[in-house]
Amino acid sequence: MLHDCRSCSPRNLARIFPGGFMAGSTIPVVTRFAPSPTGFLHIGGARTALFNWLYSRSNGGQMLLRIEDTDRERSTQEAVDAILDGLKWLGLDWDGEPVSQFARADRHREVVEALLASGNAYRCYATQEELVAMREKAMAEGRPPRYDGSWRDRDAADAPAGVAPAIRFRAPQEGETVVDDQVQGRVVIPNKDLDDLIILRSDGNPTYNLSVVVDDHDMGVTHIVRGVDHLTNAARQSQIYLALGWDVPVMAHIPLIHGPDGAKLSKRHGALGVEAYRAMGYLPEAMRNYLARLGWSHGDDEIFSTEQMIEWFALDGIGKSAARFDFAKLENLNGHYMRATDDDALTEALLGALPYLPAGPEFAARLDDGRRAALRQAMPGLKDRAKTLVELLDGAQFLVAKRPLSPDEKAAQLLDNHGLETLSGARAALSACSQWATEDLESAIRAFAEEAGLKLGKVAQPLRAALTGRTTSPGIFDVLVVLGREESLARLDDALARM
RNA sequence: GCGCCCUUCGUCUAUCGGUUAGGACGCCAGAUUUUCAAUCUGGAAAGACGGGUUCGACUCCCGUAGGGCGCGCCA
C-alpha cells in the first residue's frame with residue numbers, strides 16, 4: 001500500500017526509526033496537518049492537528065505540515081504565523097519544514113498536463129455567467145447544482161478565440177465512488193452526483209482538490225485525518241488518485257465540533273482561535289486532554305497524560321457524531337491540571353502567560369524579585385482556588401496591590417465598625433507575635449478570638465478584607481505570612497485609619 | 001432541491017445481541033471549614049419515534065422525525 005517515493009530517503013528513515021529499523025515495526029506512518037492560512041487556528045483545526053499528531057506519534061511516524069495557500073486573495077502571512085504559533089503553544093510539533101502548497105504550483109501544473117495528455121482532463125471555456133445559469137437551472141429541475149459537462153467532449157475547434165480555458169477533470173459519470181474511511185466506514189457516493197471539477201483555473205493556478213492529491217502523494221502521506229466536511233472531496237480526490245495511477249492514502253474523516261448550543265461553530269460562539277484559549281488562561285496540556293476527549297475515547301478514561309494519549313490513541317476510538325464544546329468541562333479539567341502542576345512549574349506557567357492574559361501586563365509591571373518569591377510562596381493556596389490562569393492571576397492580585405488598598409464592595413462591608421473593632425484587637429495580637437510564622441500567627445489569632453468570644457471566622461473575615469481587599473483569598477494565616485509582618489501590619493493600619 | 005453522515009443522562013462518552021445501561025463535567029444534598037475553593041459521601045438524570053429480525057435488542061435492518069456536512073475558476 002505504500003508508494004515507493006515516500007519516506008524512503010535515508011534521512012526520513014532515520015527520522016522514523018532513530019534507533020534503527022526495529023523488529024516488529026511495520027508501516028512508516030506519515031500524517032499531515034494542512035490548514036489554509038485564511039484565519040487563525042480554530043478549535044476544530046486544533047483538534048484535527050492533535051489527532052494527526054497523536055496518530056503519527058503513536059505509530060512512530062511523522063506529521064508533516066502543509067500550508068494550503070493557493071488562494072492568493074485570502075491567504076496571509078499573519079494567518080500562517082498565527083497557525084504556527086497556535087500549534088507550538090499546544091505543544092504539537094511537526095516534522096521538517098512547513099510546505100507551502102502555492103510554491104509547488106509548477107508541479108501541480110505538470111500533473112494537470114499529464115492528466116490532459118492521458119485524456120483524464122479537458123479544457124472548458126464556459127463563462128462565469130454560463131456556470132451560474134447552469135446551477136440555477138439544475139436547482140430548478142431538482143438536480144444538484146453542477147457543471148453540465150458541455151465542454152467535456154466538445155471539439156477543440158469550438159474554442160472561442162482569446163478566451164483562456166479552465167481545465168476540468170474528466171470524472172466518471174457512471175457507477176459510484178467508494179471512500180473506505182477509518183472513521184466513517186464505507187461511504188458510497190454515486191458518480192452522477194460528482195461533476196467535473198476544475199483542477200486548473202483559467203489564470204493557470206491549480207485548485208485545491210488537485211493540489212491536495214499531488215502534495216499528499218509527493219510528500220508520502222500515508223494517512224489523511226481531517227474533518228468530515230472533506231468527505232465529498234475525498235471521493236473526488238480518490239478519482240484523481242485513480243486517474244493518476246496512484247495509491248489512495250488511508251483516510252479518516254473526523255466529526256466536526258459544534259458550539260455549546262449545538263449550532264455550527266461561528267465567530268459568535270466557540271470558533272475562537274487557540275490564542276483566545278491561551279488568553280482565557282487554559283493550560284496547553286489541559287487543552288490537549290479536553291480536545292482528545294472530544295470525539296475520541298479510551299473506555300472510561302477521562303484524564304490522561306500526553307504520553308498515555310499517544311499510547312492509547314487509535315482511529316477506531318473516534319466517534320462519528322459531532323460534539324459540542326463544553327467550557328465547564330474544559331474549566332474543570334484545567335483546574336485539575338493546575339492543581340496537579342507543582343508550584344514551581346505553575347508559577348513559571350503563570351509568569352510565562354502574563355503577556356497573553358488580560359490583566360497580565362499590569363501585573364508583570366508590578367513584579368519584583370520579592371513579589372515573585374511571594375507569588376511562588378502563595379501558590380499552594382492560590383492554585384486550589386483557580387480553574388484558569390486568569391483566576392489564578394486574579395487571586396494573586398493582593399500580592400501586588402498598592403497601599404492603601406481599595407476594598408471591593410463586599411470587603412468594605414466587613415470593615416464596618418464591628419469589623420474594625422475586631423480588627424484592632426487582632427492587629428494587637430498579631431503585632432505581639434515574636435515569630436511571624438503560620439503557627440504563631442494562628443495561635444495568636446485563635447487566642448484573641450476566644451478571648452473576645454468570637455468564632456474564628458468573625459476575626460478572619462475582617463482581616464481578609466483589610467489584607468486583600470476581598471472577601472475570598474487563600475487561608476488567612478498564609479496571606480499574613482506571604483505578605484510579611486511589615487506589609488501586613490501596614491495594611492491593617494490603613495484599614496483602621498478609616499475608623 | 002440532490003448526495004452523504006449522525007441521533008445513549010443537560011454536555012462529553014462507555015456498551016461492540018443478554019448489564020440494576022457504566023464513567024466524567026454540570027446540577028442537588030450532606031460532611032469538612034477560616035472566606036472561597038479543594039476534598040469526601042450520597043442523589044436526581046439517557047437509549048428520538050415507529051416497524052421489523054431474534055429466545056433476547058441501545059446494539060442488526062427498514063421507515064419517520066430532528067440535526068450536521070457537501071454541492072465555487074475557496075480550502
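In what follows, every chain begins at residue 1, and chains take the letters A, B, ... in the order their sequences are listed.
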Searching all strands shown, indicate the nucleotide that pairs with [N] (Watson-Crick or G-U wobble; both distances under 3.5 Å).
N      : result
B:rC4  : B:rG68
B:rA24 : B:rU11
B:rA46 : none
B:rU35 : none
B:rC40 : B:rG30
B:rC58 : none

Worked check of salt bridge (Lys or Arg N to Asp or Glu O under 4.0 Å) between A:Asp106 and A:Arg109 = CA-CA 5 Å; A:Asp106 285 343; A:Arg109 276 187 282 270; 2.8 Å; yes
A:Arg236 atom CZ is separated from B:rG3 atom P, nearest whole Å, by 15 Å
Over how many whole Å does the gap from A:Arg226 atom CZ to B:rG70 atom P extend?
-> 13 Å
Quantified in whole Å, what is the [atom1] atom distance between nucleotide [N] and nucleotide [M]?
N      : M      : atom1 : result
B:rC28 : B:rG10 : C1'   : 14 Å
B:rA14 : B:rU8  : P     : 10 Å
B:rU19 : B:rU59 : C1'   : 13 Å
B:rG70 : B:rG30 : P     : 49 Å
B:rC16 : B:rC27 : C1'   : 31 Å
B:rG47 : B:rA31 : C1'   : 35 Å
B:rU41 : B:rG26 : P     : 15 Å
B:rC5  : B:rA37 : P     : 48 Å

Within the structure shown, what part of the strands sits under 4.0 Å from [X] by heavy-atom distance: base, sugar-phosphate, or nothing?
X        : result
A:Ala234 : nothing
A:Arg470 : nothing
A:Leu456 : base
A:Gly457 : sugar-phosphate
A:Val459 : nothing
A:Gln128 : base
A:Pro474 : base
A:Gly381 : nothing
A:His253 : nothing
A:Leu231 : sugar-phosphate
A:Phe477 : base
A:Arg464 : base
A:Asn233 : base

Could you please name the option among [options] that lies closest to any side-chain atom of [X]?
X        : options                : answer
A:Pro190 : B:rC4, B:rC69, B:rA37  : B:rC4
A:Ile198 : B:rC36, B:rC73, B:rG26 : B:rC73
A:Ser36  : B:rC4, B:rA75, B:rU7   : B:rA75
A:Ser297 : B:rA75, B:rA14, B:rA24 : B:rA14
A:Ser321 : B:rA75, B:rU7, B:rG23  : B:rU7
A:Glu302 : B:rA24, B:rA75, B:rC69 : B:rA24
A:Tyr208 : B:rA75, B:rC71, B:rG26 : B:rA75
A:Asn209 : B:rC25, B:rG70, B:rA75 : B:rA75
A:Arg293 : B:rC25, B:rG68, B:rU13 : B:rU13
A:Val187 : B:rA38, B:rC5, B:rC36  : B:rC5

Using only side-chain N and O atoms of [X], determine if any of them is under 4.0 Å from OP1 or OP2 of [N].
X        : N      : answer
A:Lys320 : B:rC6  : yes
A:Thr38  : B:rA75 : no
A:Arg135 : B:rC73 : yes
A:Asn332 : B:rG26 : yes

Any cation-pi pair here, A:Arg168 with A:Tyr147, using under 6.0 Å and within 45°?
-> yes
For [X] and [Y], I'd like to know if the aromatic rings sit close, meaning centre-to-centre distance below 6.0 Å.
X        : Y        : answer
A:Phe325 : A:Tyr290 : yes
A:Phe313 : A:Trp296 : yes
A:His230 : A:Tyr208 : yes

What distance separates A:Ile445 CD1 from A:Asp440 CG, expressed to the nearest 0.5 Å?
-> 12.0 Å
Salt-bridged, A:Arg32 to A:Glu68, with N to O below 4.0 Å?
-> no
Are the charged groups of A:Arg385 and A:Glu391 less than 4.0 angstrom apart, N to O?
-> no
Kindly assign one of parallel, tilted or perpendicular to the pair A:Phe304 and A:Trp312, based on the angle between their ring planes and the thresholds 30° and 60°.
-> perpendicular
